[in-house]
> 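Quick one: the structure is below, and I'll ask about it shortly.
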There are 2 protein chains.
Amino acid sequence: MKGSGVQPRYRAVKEFISDKIRSRDYPEGARIPTEQQLTEMFAVSRMTVNRALRELVAEGLLLRRQGVGTFVSSVRAESPLLEIRNIADEIRDRHHVYSNRLECLESARADERIAARLGVAIGAEVWHSLLVHLENGIPVQLEDRYVRRDIVADYGAQDFSRQTPNQYLSTLFPLSELEHIVEAILPEERIRRLLDMDRHDPCLLVTRRTWSGQQLVSCAYLYHPGSRYRLCSRIGTTD
Amino acid sequence: MKGSGVQPRYRAVKEFISDKIRSRDYPEGARIPTEQQLTEMFAVSRMTVNRALRELVAEGLLLRRQGVGTFVSSVRAESPLLEIRNIADEIRDRHHVYSNRLECLESARADERIAARLGVAIGAEVWHSLLVHLENGIPVQLEDRYVRRDIVADYGAQDFSRQTPNQYLSTLFPLSELEHIVEAILPEERIRRLLDMDRHDPCLLVTRRTWSGQQLVSCAYLYHPGSRYRLCSRIGTTD
DNA sequence: GTCTTATAATTGTATATACAATGCTAGACA
DNA sequence: TGTCTAGCATTGTATATACAATTATAAGAC
């Protein structure tokens with residue numbers, strides 16, 4: 001990357017536009033300056049402006065009509081299917097006993113997979129924690145979490161028996177964005193043993209990434225024994 | 001006119017690459033041709049190739065490392081978890097071929113499980129359909145659906161090769177409420193065979209119930225091969 | 001007044017070119 | 001042998017330019 005100081009010019013244009021949208025300077029449906037005008041405002045070429053605008057369209061912030069102009073798109077409808085729920089609270093809501101077991105808390109170097117998921121360079125130092133969550137003493141979730149060290153410096157000094165990583169992070173940052181990937185896998189030996197699972201037992205893997213502002217903060221792999229856990233959601237359209 | 005026949009060249013490059021990935025010509029992790037090589041293969045400029053590759057990175061199909069090369073990242077079918085999305089459209093959006101195979105379409109008597117899930121009396125007549133959805137001829141979903149016969153009288157007369165049950169039902173009723181339960185299971189023999197799955201392959205089971213107004217309309221068991229499918233959702237608060 | 005047509009504005013795509021940044025590798029050197 | 005360095009391949013960004021496609025608008029024809 002360019003280090004921390006410099007950033008590409010197309011990115012400057014993107015940030016200018018998306019800031020204006022967030023601050024409602026460019027309200028929903030409003031027309032934003034033409035490529036030509038932005039070209040002059042930023043003293044960059046039209047292709048650079050074009051790239052910035054195309055990416056903002058891809059991100060759903062803008063809407064373009066050939067021959068007409070570029071407009072702020074309306075906010076996408078969103079329903080919290082998988083709300084970010086604290087597993088400790090969830091278990092206590094069932095009047096069961098929550099506990100956890102910290103397997104690992106360390107600073108590690110991001111391999112290719114983590115680097116890609118966490119938006120850091122390969123080899124960058126990141127926090128890594130491995131935590132087993134238990135319901136009445138029975139493992140129901142293995143939380144394999146990676147946290148950006150440049151954003152959460154104190155992660156390694158926390159006591160997770162008092163406060164889950166999730167709880168800690170959400171006190172630090174307002175959550176702005178959330179991504180979930182859900183899949184069924186056959187867990188490898190190490191994971192199976194930590195969750196006290198039988199051979200051939202399937203496993204529900206939820207990969208969760210959380211953002212605060214523009215910043216990707218953390219990526220967690222949440223393994224649930226298939227026979228002991230399921231996700232549930234109900235969406236009402238309030239029609 | 002550009003109309004429907006022609007397509008931009010960067011898109012041709014994109015489809016070439018993504019087809020190769022889907023067909024495993026470019027397997028996971030493999031290195032794909034350099035921009036220079038693609039420039040020659042397609043007789044287009046490097047910027048055009050660059051745009052195609054950048055968009056494929058944004059779509060999660062590729063992974064690039066400056067100074068090194070471009071690689072196939074792990075690809076799997078993805079589906080937005082929260083919205084109720086038509087699997088046929090979803091597949092066609094990936095430029096893949098959608099088809100389905102109707103295994104069963106009948107009127108049946110609700111057993112205890114179905115009666116409870118569908119809110120009818122045990123022994124009541126309900127529609128039952130069993131449909132395999134295929135992506136490029138490979139099964140990606142087994143849809144085991146039960147529909148209330150007192151609400152949807154014509155369900156049994158539909159041609160599901162033209163319109164999926166989901167499509168049909170959503171034209172009839174405005175969807176007002178939606179429930180999802182997601183779990184990882186080991187499918188039984190019958191399901192495994194219909195989905196062409198190996199023994200011990202885990203399976204993602206989504207149980208979906210849909211309401212229109214106050215009425216529970218339908219309950220579907222959606223089985224997905226764990227190795228070929230995953231759910232994905234992203235929630236942005238855009239603020 | 002209404003329809004048609006030309007024109008201008010704006011976005012969409014494509015190219016050739018240039019230089020910067022990154023990471024790997026082979027060879028120089030101690 | 002081990003370490004450093006220069007060079008090369010590859011991707012990342014930026015520009016000027018060109019023409020195509022789409023849409024709105026204004027001018028003109030009737």
Side-chain angles (χ1 to χ4, degrees), chain A residues 1-17 26 29-73 109-113 115-116 119-124, chain B residues 1-17 21 26 29-73:
Chain A
M1 206 175 4
K2 296 276 173 67
S4 34
V6 195
Q7 73 167 347
R9 304 204 211 183
Y10 78 90
R11 192 174 297 278
V13 177
K14 280 183 71 174
E15 286 188 9
F16 172 82
I17 304 287
Y26 295 159
R31 181 174 185 173
I32 72 165
T34 66
E35 293 191 348
Q36 179 57 37
Q37 289 168 330
L38 289 167
T39 290
E40 288 160 14
M41 287 166 63
F42 286 87
V44 296
S45 78
R46 198 192 132 212
M47 285 307 295
T48 300
V49 169
N50 183 266
R51 172 172 180 180
L53 297 185
R54 262 194 293 114
E55 293 194 1
L56 287 172
V57 168
E59 291 168 21
L61 285 182
L62 292 180
L63 199 143
R64 314 195 77 189
R65 285 175 55 202
Q66 187 167 352
V68 185
T70 305
F71 305 86
V72 179
S73 79
R109 295 196 169 274
D111 62 16
E112 194 163 334
R113 180 188 68 141
V120 298
I122 294 175
Chain B
M1 198 210 294
K2 200 163 222 179
S4 39
V6 196
Q7 72 168 349
R9 305 205 211 183
Y10 78 89
R11 192 174 296 278
V13 177
K14 280 182 70 174
E15 287 191 8
F16 172 82
I17 304 287
I21 291 174
Y26 295 159
R31 182 174 184 173
I32 72 164
T34 65
E35 293 191 348
Q36 179 57 37
Q37 289 168 331
L38 288 167
T39 289
E40 288 160 15
M41 286 166 65
F42 286 88
V44 297
S45 78
R46 197 190 136 215
M47 286 306 297
T48 299
V49 170
N50 183 266
R51 172 172 180 180
L53 296 185
R54 263 195 292 113
E55 293 194 1
L56 287 172
V57 168
E59 293 167 21
L61 285 181
L62 293 179
L63 199 143
R64 316 195 77 189
R65 289 171 56 196
Q66 188 167 349
V68 185
T70 306
F71 304 86
V72 178
S73 73

> Under the rule for side chain to side chain contact (heavy atoms under 4.5 Å, CB included), what residues qualify as partners of Ala115(A), not counting sequence neighbours?
Ala110(A), Val120(A), Ile122(A)

> Could you list the residues that satisfy salt bridge (charged side-chain N to carboxylate O under 4.0 Å, His left out) with Arg9(A), not counting sequence neighbours?
none

> Just to verify, what does Arg11(A) make a salt bridge (charged side-chain N to carboxylate O under 4.0 Å, His left out) with, not counting sequence neighbours?
none

> Strictly under 3.5 Å: I want the nitrogen or oxygen pairs between protein and nucleotides 8-10 of chain D, one per line.
| residue | atom | partner | partner atom | Å |
| --- | --- | --- | --- | --- |
| dT10(D) | O2 | Gly67(B) | N | 3.2 |

> Got a sec, which residues hit side chain to side chain donor-acceptor pair (under 3.5 Å) with Gln36(A), two or more places apart in sequence or on another chain?
Glu40(A)

> Kindly write out the residues that satisfy ring-ring contact (aromatic ring centres under 6.0 Å, His included) with Phe71(A), not counting sequence neighbours, or none if the list is empty.
none

> Distance check needed: dT11(D) C1' versus Tyr10(A) OH, whole Å only.
12 Å

> List in numerical order all residues of residues 38-46 of chain A for which some heavy atom is under 4.0 Å away from an atom belonging to DNA chain C.
Arg46(A)

> Near DNA chain D, which residues from residues 50-58 of chain B have a heavy atom under 4.0 Å away?
Asn50(B)

> Please state how far atom NZ in Lys14(B) lies from atom P in dT13(C), giving the value in whole angstrom units.
10 Å

> Roughly how far apart are Thr70(A) OG1 and Arg54(A) CZ, rounded to 0.5 Å?
12.5 Å

> Please say which of Val49(B), Leu38(B), Leu61(B) ends up in a side chain to side chain contact (heavy atoms under 4.5 Å, CB included) with Ile17(B).
Leu38(B)

> Nearest-Å distance, CE (Met47(A)) to C1' (dA14(C))?
8 Å

> Could you work out, with side chain to side chain donor-acceptor pair (under 3.5 Å) as the rule, every residue matching Tyr10(B), not counting sequence neighbours?
Arg51(B)

> Separation of Gln7(B) atom CD from dT13(C) atom C1', in whole Å?
13 Å

> Looking at residues at least two apart in the chain, or sitting in another chain, which of them share a side chain to side chain contact (heavy atoms under 4.5 Å, CB included) with Gln37(B)?
Pro33(B), Thr34(B)

> Grab the CZ-C1' distance between Arg9(B) and dT13(C) for me, whole Å please.
9 Å

> For Arg65(A), what residues pass the salt bridge (charged side-chain N to carboxylate O under 4.0 Å, His left out) criterion, not counting sequence neighbours?
none

> Using salt bridge (charged side-chain N to carboxylate O under 4.0 Å, His left out) as the criterion, list what pairs up with Arg46(B), not counting sequence neighbours.
Glu35(B)

